[in-house]
Amino acid sequence: MTPEANQYYHKACSLSDESKYEEAVEQLNIAIQLSPDDALLYTKLAGMYSELSDWDNAVEAYKKALKLRPNDAFIYISLGNIFEQMQDYKNAYTAYNHAMKIFPEYKYNYLNLASVKTHLKEDEEAIKYYQMFLSYYPDALDARENMASIYLRMNKPQDAVEIYNDIYLKDPATFKDFSNYGLALYRISDYENAQNILLKAIKKDDNDYVARANLAYVYLAQNKDDLAMNEFAKVLELQPEMTSIRFDYANLLADKEKYDEAIIQYKEYIKENKDNPVAYRNAGIIYEKKGDYENAIKTLEEGIIAAPKDVELKKELAKSYHLAKQYDKAIAMYDSLLEQDSENTELILNKGIAYHAQKKYSEAIALYKSVLLKDAEDKTTKDYLLKAYIAQGDSLCSEGNYKKAINSYEYAIQMDSNNPALYLSVADAYEKIGSKSKVIEYYEKAMEIAPENSEVLFSYAKSLTKMDKTEDAKLVYEKALSVNSATSDDKYNYYIDIADTYYKNKNYPMALAEYKKALEIKPKDEYLNIKLGNTYKGMSNLSSAIDYYNKAIEINPNNPDSYFNSGLCLAELNNLTVAKEKFSKVIELKSDYAYAYYALGLAYEKEDNIADAVKNYEYFIEYTQDKNLKNNIQNKVNKLKKNLPQPVDVE
């Protein structure tokens, strides 16, 4: 270096000491013009460019220095440092490796090589260089911590724990990497020690969100869910951008049935992780649990846009369509899935359930049968098939197609021959088509299976009364009442049923006896008092009939039938004044009660009050649905009107 260049070099050094790097660069460039072959000037210039973060010019300066001093290992090391700053780790490695070849005695260079390999995520190589470095510098704690963190990244937590344990025990006061130490302990399932280490990290720095995140997972592993939720919430308060934990936080909230909070976390997670189908699916499931099928469908459909091939998402969407009663869409989704997996019995079953919900029982039954061909012992499918046969039978009965209904019930009986309710359904269908012998046959079968089943016995007895087999019915009723499960309501219904049968057959004394037995159980039963009134009326005991109608009125003063029946008895006793009051009360309660007008018309006609009789008959004609009587009364009105006083012409 010439004396004049040396002067500029020293000026540059002074300017550098004052952090005037740009001016120092100017002085060095002048010095280089004076002494272009001096490597020191280029290395100093590279250093100034480094201070200015002008990495490209720094690299060029070091390369010029190396042309002059190609065997200077430290220039290569400095060049490697610049490449690391530029995140050009491959060229950094080349530079450090060249330095090692030139000057293998400089063992500290192993740390540089380890650092570059760490950045390149060539972990095995990084570990090798750290081990070589530590063989010469065993007390370099930073290097040991770095090596432990690499073991953690390599999913070798036990190796990481051994290093962290050694570092921590040697000098707990200076230990820094609590978060990774706790994470390593967590990964080897040493949750208690992991918790203790992470709590130390948080004690040292309350805002250490990484340590808090790791602690949340430690608590989660120990089923300390409330503590885990608190830590997750604190992490997101400190670092809202840490979306990676929101998924697990949302899952935990969902498990604790905090559905609204879980949805918020899933939504925030999905914003940054649009390609995770599980997040969409889990959010959809939460909406389903909330009964919000509209948002469940919306979320799952968005998930399928993000992950169109995800089968589990499609299954969940089909389920949401099903729950939302959008059965056609559910079936279309099942069909789409079955195109890819035609033997999937779960999908076939679910498709059958969708048809079942649409009351398309034949389609559902065919699908259930196809599942059972593959697994004859599938209890769930058997249950659905049985329900489908029963529902099909019920549906056919409601349509009046009793013979086909019986076939469906018979299939159900083949599957569940010890279910007495099925025999009752068949008996009821036979009753509708008038096959009395079959009715009795199926009730008898039901009684063989469940001889003390009160439902079977009471149903059979009621059916016998409909067939006018009153005495047989009484025997069955008595047996029904003898079983332990019989209640006072059962006794009441028995007496009423038998009494109604006697009444229907005009055996009023027997009907009266049974009604009075029922009255002992329910003396305040309005309709029972009306039935007693009707029975006395049938026996022509009108005063007693009126007494029971009046009792019914006391129980419920707003039932027009009680007043009407009482009025009929009073009219028959020729107490027309009180009878008219009763009929008028009926009309007050129910203005379109046609027969009350008819009865009033008759009463007025008996009193020769033709005008009021005609007026009430006309109201009857207006409200009645009885066409024959309507025509008769119209003819009567026409005749009565002829007897009404005619207006006199005034001249």
Side-chain angles (χ1 to χ4, degrees), residues 39-40 42-168 170-171 174-177 179-181 183-184:
L40 178 61
Y42 287 107
T43 57
K44 186 65 177 179
L45 179 62
M48 294 303 98
Y49 281 130
S50 296
E51 294 292 347
L52 292 165
S53 299
D54 186 351
W55 311 119
D56 290 335
N57 279 322
V59 167
E60 288 305 313
Y62 278 130
K63 284 182 176 180
K64 287 176 181 178
L66 284 169
K67 285 182 180 179
L68 298 168
R69 288 164 59 180
N71 293 318
D72 190 325
F74 291 100
I75 295 177
Y76 277 109
I77 289 170
S78 296
L79 179 60
N81 289 336
I82 298 300
F83 280 129
E84 274 202 84
Q85 292 292 334
M86 298 171 70
Q87 299 182 8
D88 184 354
Y89 300 118
K90 288 186 178 180
N91 278 322
Y93 176 76
T94 300
Y96 292 141
N97 198 42
H98 207 102
M100 184 60 74
K101 290 177 182 177
I102 295 169
F103 188 19
E105 294 80 7
Y106 183 62
K107 309 303 181 184
Y108 217 88
N109 195 25
Y110 286 123
L111 187 61
N112 292 326
L113 289 164
S115 174
V116 171
K117 288 297 184 181
T118 300
H119 285 301
L120 289 169
K121 296 185 179 179
E122 296 176 10
D123 294 334
E124 295 288 354
E125 287 288 299
I127 292 292
K128 179 185 77 174
Y129 285 122
Y130 275 123
Q131 287 173 338
M132 293 172 75
F133 173 77
L134 289 166
S135 68
Y136 295 100
Y137 304 97
D139 295 327
L141 296 182
D142 285 348
R144 293 174 70 80
E145 283 188 359
N146 289 343
M147 187 164 69
S149 69
I150 293 171
Y151 275 130
L152 198 54
R153 187 167 73 190
M154 294 170 71
N155 200 26
K156 293 183 177 181
Q158 187 61 54
D159 291 330
V161 166
E162 289 173 7
I163 295 172
Y164 284 130
N165 282 344
D166 186 53
I167 298 170
Y168 181 70
K170 281 182 179 177
D171 191 359
T174 61
F175 188 80
K176 296 179 294 183
D177 203 1
S179 293
N180 277 339
Y181 187 14
L183 180 59

If you round to the nearest 0.5 Å, how far is CD1 of I82 from CG of D88?
11.5 Å

Please report the C-alpha distance between T118 and R153 in whole Å, then the side-chain angles of each, then the deciding distance to 0.1 Å, and finally whether the side chain to side chain contact (heavy atoms under 4.5 Å, CB included) criterion is met.
CA-CA 10 Å; T118 300; R153 187 167 73 190; 4.0 Å; yes

Residues S50 and A58: closest non-hydrogen pair is OG-CB, 3.8 Å

Given side chains that start at C-beta, do those of H119 and Q87 come closer than 4.5 Å, heavy atoms only?
no

Cationic N near anionic O, under 4.0 Å, K176 to D142
yes

Would you give the length of the straight line joining atom CG of L68 to atom CG of L40, rounded to the nearest 0.5 angstrom?
11.0 Å

Heavy-atom closest pair, residues N109 and A99:
ND2-CB, 3.8 Å

side-chain hydrogen bond (donor to acceptor under 3.5 Å, both in side chains) between S149 and N146, worked out
CA-CA 5 Å; S149 69; N146 289 343; 4.8 Å; no

So that I know where these two stand, are F133 and Y108 an aromatic pair - ring centroids less than 6.0 Å apart?
yes

Counting C-beta onward and ignoring hydrogens, is there a side-chain heavy-atom pair between L183 and L152 closer than 4.5 Å?
yes

Please tell me if the side chains of K117 and D123 come closer than 4.5 Å, counting only heavy atoms from C-beta onward.
no

Could you check whether F83 and Y96 have their ring centres less than 6.0 Å apart?
no

Gap between atom CG of L111 and atom OH of Y137 - 0.5 Å precision
9.5 Å

For atom NZ of K107, is the number of surrounding heavy atoms from other residues, nucleotides or ligands below 6.0 Å larger than 12?
yes

Ring centroid separation Y76 to Y62 under 6.0 Å:
no

So, for Y110 and Y130, is the gap between ring centers shorter than 6.0 Å?
no

To the nearest 0.5 Å, what is the distance between CZ on F74 and CG on L79?
14.5 Å

No-hydrogen, no-angle side-chain donor-acceptor test under 3.5 Å, S115 and N112
no

Please give me the minimum heavy-atom distance between A160 and A184, naming the atom from each residue.
CB-CB, 4.1 Å

Could you check whether any side-chain heavy atom of K44 comes within less than 4.5 Å of a side-chain heavy atom of M48, counting everything from C-beta outward?
yes

SB check E124 K156 (cutoff 4.0 Å)
yes

Show your working on side chain to side chain contact (heavy atoms under 4.5 Å, CB included) between Y42 and K67 and close with a plain yes or no.
CA-CA 10 Å; Y42 287 107; K67 285 182 180 179; over 6 Å; no

Spatial distance of atom CD1 (I150) from atom CG (N180) [nearest 0.5 Å]
11.0 Å

Is there a side-chain contact between P157 and Y151 in this structure, where contact means two heavy atoms from C-beta onward sitting under 4.5 Å apart?
no

Note, I77 side chain near Y106 side chain (heavy atom, < 4.5 Å):
yes

For a quick test of reading the model, state the closest non-hydrogen atom pair linking N97 to L113 and the distance between them.
N-CD2, 3.8 Å

Gap between atom CZ of R144 and atom CG of D166 - 0.5 Å precision
4.5 Å

On a heavy-atom basis, which atom in G80 and which in A92 lie closest, and how many Å separate them?
O-CB, 3.5 Å

What's the verdict on side chain to side chain contact (heavy atoms under 4.5 Å, CB included) for I127 and M154, showing C-alpha distance, side-chain angles and the deciding distance?
CA-CA 10 Å; I127 292 292; M154 294 170 71; 4.0 Å; yes

